[in-house]
Every structure is written in structure tokens, then in C-alpha cells.
Amino acid sequence: MTAPILQMRSISKTFGAVRALRDVSFDVQPGELHALMGENGAGKSTLMKILSGAYVADPGGEILFAGQPRHGRGDGIAVIYQELSLAPNLTVAENMFLGREGQAMSLVRRGMLADRAQPVLDRLGVGFSAQTPVWRLSLGERQMVEIARALTSDAKLIVMDEPTTALSTRETERLFDVIANLKAHGIAIIYISHRMEEVYALADRVSVLRDGIYIGTLDRAELSAARLVSMMVGRDLGSFYRKEHQAKPPSGAPLLEVANLSDGKRVKGCSLSLYAGEVLGIAGLVGSGRTELARLIFRADQPAGGTVMLGGRPFGAHNPREALAAGLAYLTEDRAGLGLFLDMTISDNVNVGVIQRDAGAAGVLDRRKAAERAGSAIRNLGIKAPSARINAGSLSGGNQQKVLLARLLETQPKVVILDEPTRGVDVGAKSEIYKLIDTLVGKGVGVIMISSELPEIIGVADRVLVMREGRIAGEVRPEAGQPISQEAIMALSTGAVPMQEKTA
């Protein structure tokens, strides 16, 4: 084996009384894709921030890059974070050289940027030019700009943090082609992902962190779901994708009824019924209209036609605030952009939906009650945070999701719509979210769960509606004691079978 391009030895990091990393060692070979896995809060991001120079490690550790000691920031390493850091009002070329103005962006040389950037873009095989404004690009195309920026900095090692979270299948395949090209040119990649199928497809080796401690490294030939999960969470895979509540045939009056709901564009006459204590899954390919339907029901978008009944009465909400007040809650798939207030504390995020209720007639916020509520959420949902007073933006993805769920639960909803509730969340946090869903249905709450992961939706939902091209193509239920069929869902999703004439 050749000499590693990167060696991290005995890396530790302490934040006050919290030990985020403890004596972690990690190395990467040239031209290797080395996956870094672990639960949210395991220390992956902290380790990468130390590598990038954003954090300084505790004394006693050592980092060698290309055989030389690395202190703080420097050339040769590029980090592409999950939340992209491009300036949308600038061109692709300007973004590629942003931060190196003294090198390439003087007024005299500004016209040369496109000429310097275009060959890099051509190498990546993208379908846009160096002079294209970034705001015109899709999310997948913007990610290619981040990679192009790394290549213009002559990076020998690129860190990719959850790079496919918001990409379509086609964009993901294109990214995988680019990764193969980078590896072929000797560029090493540290790949952080919770999607095991990606790790199986791409990784040469996988290292696992748990609670800030290095657990071990597996070669490609040693990879298996059971082994990885055991390393990450210290328990086997058997409890995941499994509901504890007993599914019952729908009976009585529906808790929620949707009839011929449409927005005049993406959603075309959708009807469904949800019963108390039921998990209704909604599956379908990307672009099938699942999120658009959820937003119409919640009144985040206004319907062009159709009706909604909640608890046997017309649902008269005109906006999300009124929907919450009526007992309908919605967990958005975009927790950073549309859900959490990242610059506010955990306590403020948990309590923001019930401030008016707490204030009472006097209009004075009961801060003691708010603090108790936030502390209870941290304990009951297992939110990993030193206190409720830290900002939500400093939490890992899984813990941010739990904060959002805590906020929804405080509104005491009758119906909860969960849109990709475990996206970007590690397996341990997924299991806790599934238990929370079981708790909700046990109290008679109706749950609509949208998910792109078929094993998840099959394991958690009592029955599944499948969307295709803005319509509900059909319904899949367990039959004769057999679980819901993945093949039946895919057949409806892809149009391999005709749309059913009537769905519940």
C-alpha cells in the first residue's frame, strides 16, 4: 500500500465539559474513497472541521497531509458541506475562484476567469458554462460547481458531506460518475453519508465513529449492513424498519378526508382517507407530487380545487398557523430552509408554536414553563445537547429533526404529516423516530408519512398510497398476513401497472 495522503493521529476535541472526540486516528490513501460513518453526534463533522482548520484540536494529536505536518487551513484539501456555500448572484466562474481574489479576481484579470474555469467544467462533463449565473442552476449542478471549485484549488483530497441528500436519481448517478473520474486522477475522497447503498457502491474502505471514539475500519470485502449498524450503534439491525403498534383495518369515520385536491399544476385531483391511530404511507418517485400534496393539505400552498375534512368537519384553515390551531401539523423535508430557526436556541424552537397559548390573557411569556418544556423534550426525545440554550444550528441533523418533532408535538395535533422524517438522519435516530411514531398512533393520532426509502415505508406504514405524475396511482396493503410488497409499490410508481380506479 502506498503512503497515505492523510494521517490523523490521536485527535481529541473538547467543548467545555463535552468531549466531542477522544483519541481518534484516521488515514486516507491517494485515489481512495474512504467513507466515514456514525450516528449524528458521533464526531464526524467535528473531525472534518479540525481537518479543514475550522476547529483547533486539543494538544497531543497530529495531522500529516502529503507527509507534511498540517497546522490550520492550507491548500490541498477542499470540503463540500451539505449546505452549499455558493453566491447565487455570481457566475459559475466567479464562484469557482471566490476567496482567491488576489490570485485571480483583480479587475484586470476578471475577464480571464471564464477561460480558466471552462476546461475544469468540461472535465466534469457538466451542461452549463462558466458564465452561467449560479441562481439558474439546479441543486445538483451547484454541487458540481463546488467540486469544480475544489479542482481549481488543486485539491488532492475532497471531503463530501451528505452530497446526495437533495439530489434526484439522475443527479446522483452523474455525481457518482464524477467521483469515479476524480479517483482515476488520484484524488482522494472522504465521503460522509447515512445511505448504506451508496457506501456499498462507492467505498474502498469505511471507518466508523461512535460517541466521539474511533470504532474501526472495514475494507470493501468486509462490508455488510449488520456489521456496520452494530459498529455505529452497538446493536443489530433487527429493530429498524419495524413498527410496534398492531395495524388494524380502517374502521369508523375517517379522521382526515381529502377529496379531489389539486393545485392546478403538480397535484391533480388526489383523494385519501386517514384514520385515528393509523400510519398512512405515501410513496412515489421524485417529482410525483408527494410534497406538493402535503403542502396543500397543510395550507402551506393554496389549493385550486377539492375539499379537506378534519374530524368530520370542513377544514377551514387558510394558512399553516390556522392549520396548526385546528390540529394538523406538518414536518417539512427541508428542516434547515423551512423548518428550524437555526440562529435561535433549542428552547425557542421547541416553544415557538405555543407562545401564544403560554402567554395567556396577560400577554406575558411564562419562561419557567418554556424552559421545563424544552428540558422535557431533550430528555424524552434523546436530543444530544448540553443545554436547551444552545442554538439549533449547532446540532447534528438527527438532533435538529428531533427538535422539530418536539415543536410539533407541543401543539397537541390530531394529524401529523411527516415528509421524509429520517432524511439525512443516522440509523440510531431513525429508530427513535419510529418509536415516536408508534407513541403517536398509540394515542390515536393519525400519521401520514412520506418517504423515498421503500424498506422504511414498508416497515412503518399500515398501508401505502403510491403517487405518480401528480395523481394517486393506487393503494398497497398487507395481504393475508404478508407484508406490503416492494414490487407492488414500484409497479405503481413506474407505471408498470395501470392506475387503480379507486383508492381509500
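Reckoned from all heavy atoms, side chains included, excluding hydrogens, waters and symmetry mates.
Between the OG1 atom in Thr172 and the CG atom in Asp177 there is a gap of 11.0 Å [rounded to 0.5 Å]. Atom CG of Leu324 is separated from atom CG of Asn319 by 9.5 Å, given to the nearest 0.5 angstrom. With rounding to the nearest 0.5 angstrom, the CG atom of Asp348 is 10.5 Å from the CZ atom of Arg407. Considering CG of Leu272 and CG of Leu280, their distance stands at 6.0 Å, rounded to 0.5 Å. The structure places CG of Asp462 at 13.0 Å from OH of Tyr275, a figure rounded to the nearest 0.5 Å. Separating the CE atom in Met160 from the CG atom in Leu182 is a distance of 5.5 Å, to the nearest 0.5 Å.
Side-chain contact check for Val92 versus Val126: every heavy-atom pair is 4.5 Å or farther apart. A 4.5 Å side-chain heavy-atom check between Asp301 and Asp263 finds every atom pair outside the cut-off. Between Leu408 and Pro413 the shortest side-chain heavy-atom distance does not fall below 4.5 Å. Using a 4.5 Å heavy-atom threshold, the side chains of Arg468 and Ser493 count as separate. For the pair Met96/Leu121, a side-chain contact is recorded, criterion being any heavy-atom separation below 4.5 Å from C-beta on. No side-chain heavy atom of Phe298 sits less than 4.5 Å from a side-chain heavy atom of Thr332. Residues Leu175 and Pro163 meet the side-chain proximity criterion, which asks for heavy atoms closer than 4.5 Å. Proximity of Leu418 to Leu405: side-chain heavy atoms (C-beta onward) are separated by under 4.5 Å at one or more points.
Checked by atom type and distance alone, the side chain of Gln302 pairs as donor or acceptor with a backbone atom of His318 at under 3.5 Å. Within the 3.5 Å criterion, the main-chain N or O of Ile450 finds no donor-acceptor partner in the side chain of Asp419.
Contact check on Glu420 versus Arg290 returns a salt bridge, with a Lys/Arg side-chain nitrogen under 4.0 Å from an Asp/Glu carboxylate oxygen. Ion pairing between a basic and an acidic side chain is recognised when a charged N comes within 4.0 Å of a carboxylate O; Arg463 and Glu278 show such pairing. Ion pairing between a basic and an acidic side chain is recognised when a charged N comes within 4.0 Å of a carboxylate O; Glu292 and Arg295 show no such pairing.
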*Can you check side chain to side chain contact (heavy atoms under 4.5 Å, CB included) on Val134 and Glu94, steps first, answer last?*
CA-CA 9 Å; Val134 164; Glu94 288 166 343; over 6 Å; no

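Under the side chain to side chain contact (heavy atoms under 4.5 Å, CB included) test applied with Thr345, the options Val350, Ile390, Asn391 reduce to a single match, Asn391.
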